[in-house]
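Throughout, numbering of the chain's residues begins at 1 and tracks the sequence. As a basis for the values below, the full set of heavy atoms in this structure was taken, side chains included, without hydrogen atoms, waters or symmetry mates.
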Amino acid sequence: MKLLDKYLIFSSVFALFSENFAFHYIIDWKLFYIILFVNLGVFLFKTKLVANKNMIIVYSFLLIHGIIMYVVLRNPIGSLFAQLIGVVLSSFYYYNFIREYNTKRLFKTYVNTAFYIAVLAIPMFYLNINLFTPQRLNGILSEPAHYAAIMLPAVYVTLMKKSYFKFIIILITILLSKSSIGYIGLVLILFLPLLKIKYFLKYSFLVFVILGASSYYIYTQWDVYSDENNGNIFVRRLKQTQESLVATNTGEFKKHINLSSYALLSNVFVSKNIFFNYPLGTGLGSYKYEYEKVYPELSPPDYLIKQNLSKINQQDANSLFLRMLADLGIFGLLMISYFFYRSYNLFKKESKVYEQGIFFYLIIKLFREGHYFPPEFYFFVLIFIKDFNDKNITHS
């Protein structure tokens, strides 16, 4: 393999983990965008760039739908083009990148890179380097939840491929992230294989023991006092979220609700109202403007208003599902329905290990992180929805 190919593969895969690498000179420069533009230029001289017709159809729909809804709702249309440009550039680049080098080779590079980043993250955690919050690991990523999400496909694939050393190291770092989203992903990795009878018979006892022990632990900790500095953070958030679910209908929040629960539930309230008012959606990138129209119906706790956090996640809805529900309406629901339909079929095929691993990232993405084009997103999405099989290999 030529040196140029090695550069393109490594840089493009490392870019998946590069969200926290940025610097300011006149404007904010993210390493991901620099890699993307440089590598696009390399590809222009190296090979023929191809635009997939289905992707063009999606781009066209997002543009036409967005223009119509922005005109109708009188929102600033610049946000539509900013989001669309990000979606087009990211997906177009990774489509051509994966098409050039194929899924198997690139996913192996992703897993190896994830492993080395996990190895690095452990001393970073214990030396208090780049910690998002005390006692929570996020490695070179910007926050623990995103670290856990991007590592989930690597956890699943190393487990299925019986690369147990890499599996254990990556798993430990997800546990150290103390991310509730990461824990949910790990539970899904344990549970979903049970849908196959042979795995059910083989692993059900172990899984039920783990789930039983986890449930008992939550039960014993449920009434134990905890605050932001002491106690079990996962149980506290779970309990506070359960106590505040009524706010998704009323918009009224308890005065001591934690920030994470408020972020999720307030955006559920806003997204639900937008969807019921505009079931066809309000246009790509419109969420922050429609949020402002619904916000007066919210009653956030005083401490968040004083800290200027009462509009947290106004830009991204806290979850991709909520943002798609608001921006795209029933069209977003159709896309999500296709995701679940494809997932169901993929888990019936034992050979689709990479795609199955990506499922756990995407399902977590729907619950959390509403950005349309974080660095890793289209690398995972395109492998999930399209078979870049080995016959496309152009290099030895």
I274 and Y291: CA distance, side-chain angles, deciding distance, side-chain contact (heavy atoms from CB on, under 4.5 Å) verdict = CA-CA 8 Å; I274 294 172; Y291 184 104; 5.6 Å; no
For V187 and Y183, what are the C-alpha separation, side-chain angles and deciding distance, and is it a side-chain contact (heavy atoms from CB on, under 4.5 Å)?
-> CA-CA 6 Å; V187 169; Y183 294 161; 5.5 Å; no
Output, in order, the C-alpha distance, side-chain angles, deciding distance and verdict of side-chain contact (heavy atoms from CB on, under 4.5 Å) for F388 and Y354.
-> CA-CA 11 Å; F388 296 89; Y354 302 134; over 6 Å; no
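With a 4.5 Å cut-off on side-chain heavy atoms, L186 and L171 count as touching. You'll find the side chain of T158 stays beyond 4.5 Å of the side chain of F115, heavy atoms only. Contact annotation: the side chain of F339 never approaches that of I385 to less than 4.5 Å [non-hydrogen atoms, C-beta and beyond]. Using a 4.5 Å cut-off on side-chain heavy atoms (C-beta onward), V270 and Y287 make contact. Taking 4.5 Å as the limit, every side-chain heavy atom of F373 sits out of range of all side-chain heavy atoms of L89. For the pair Y59/M55, a side-chain contact is recorded, criterion being any heavy-atom separation below 4.5 Å from C-beta on. Residues L328 and L62 form a side-chain contact, since some pair of their non-hydrogen atoms from C-beta on lies under 4.5 Å apart. In this structure, F379 and I98 have side chains that are in contact, with non-hydrogen atoms separated by less than 4.5 Å.
Across G185 and I364, no two heavy atoms sit closer than the pair N-CD1, 3.9 Å. The minimum heavy-atom distance between V353 and Y156, with the atom names listed, is O-CE2, 3.7 Å. Shown here for F253 and P301, the closest heavy-atom pair between the two residues is CB-CD, 3.9 Å. In this structure, Y372 and P374 approach most closely via the heavy-atom pair C-CD, 3.6 Å. Heavy-atom minimum distance, L325 versus S271: CD2-O, 4.3 Å.
Ring to ring, F92 and Y95 are not that close: their centroids are 6.0 angstrom or more apart. Aromatic ring centroids of Y147 and F17 lie 6.0 Å or more apart. A distance of 6.0 Å or more separates the ring centres of F377 and Y94. For an aromatic pair to be called close, the ring centres must be under 6.0 Å apart, and Y33 with F37 fails this.
By the 4.0 Å N-to-carboxylate-O rule, E143 lies too far from R136 to be salt-bridged with it. Under 4.0 Å is where a charged nitrogen must lie from a carboxylate oxygen, and between E100 and K46 at least one such pair does.
Residue F97 is not grouped with residue I56 when hydrophobic side chains (ILVMFWY) are merged at heavy-atom distances under 4.5 angstrom, including chains of intermediate members. When hydrophobic clusters are built by joining Ile, Leu, Val, Met, Phe, Trp and Tyr residues whose side-chain heavy atoms come closer than 4.5 Å, directly or via intermediates, Y344 is not grouped with M335.
With hydrogens and angles disregarded, a donor-acceptor distance shorter than 3.5 Å links the side chain of S319 to the backbone of L366. Not a single donor-acceptor pair under 3.5 Å links the side chain of S179 to the backbone N or O of I174. A donor-acceptor contact shorter than 3.5 Å links the side chain of N138 to the backbone of F132. Of the possible donor and acceptor atoms, none in the side chain of Y110 sits under 3.5 Å from a partner among the backbone N and O of V13. A side-chain donor-acceptor contact under 3.5 Å links Y303 to the backbone of I257. In this structure, K272 contributes its side chain and F276 its backbone to no donor-acceptor pair below 3.5 Å. Remark: the backbone N or O of Y70 is not paired with any side-chain donor or acceptor of N75 at under 3.5 angstrom. The main-chain N or O of G285 is found under 3.5 Å from a side-chain atom of S79 such that the two form a donor-acceptor pair. Q356 places no side-chain N or O within donor-acceptor distance of the main-chain N or O of E350, the cut-off being under 3.5 Å. For Y7 (side chain) and K2 (main-chain N/O), no donor-acceptor pair under 3.5 Å exists by modelled atom type.
Residue pairs meeting the side chain to side chain donor-acceptor pair (under 3.5 Å) criterion with at least one partner in residues 11-21, sequence neighbours excluded, are S11-N39, S12-N39, S12-Y93, E19-S142, E19-H146, N20-N130.
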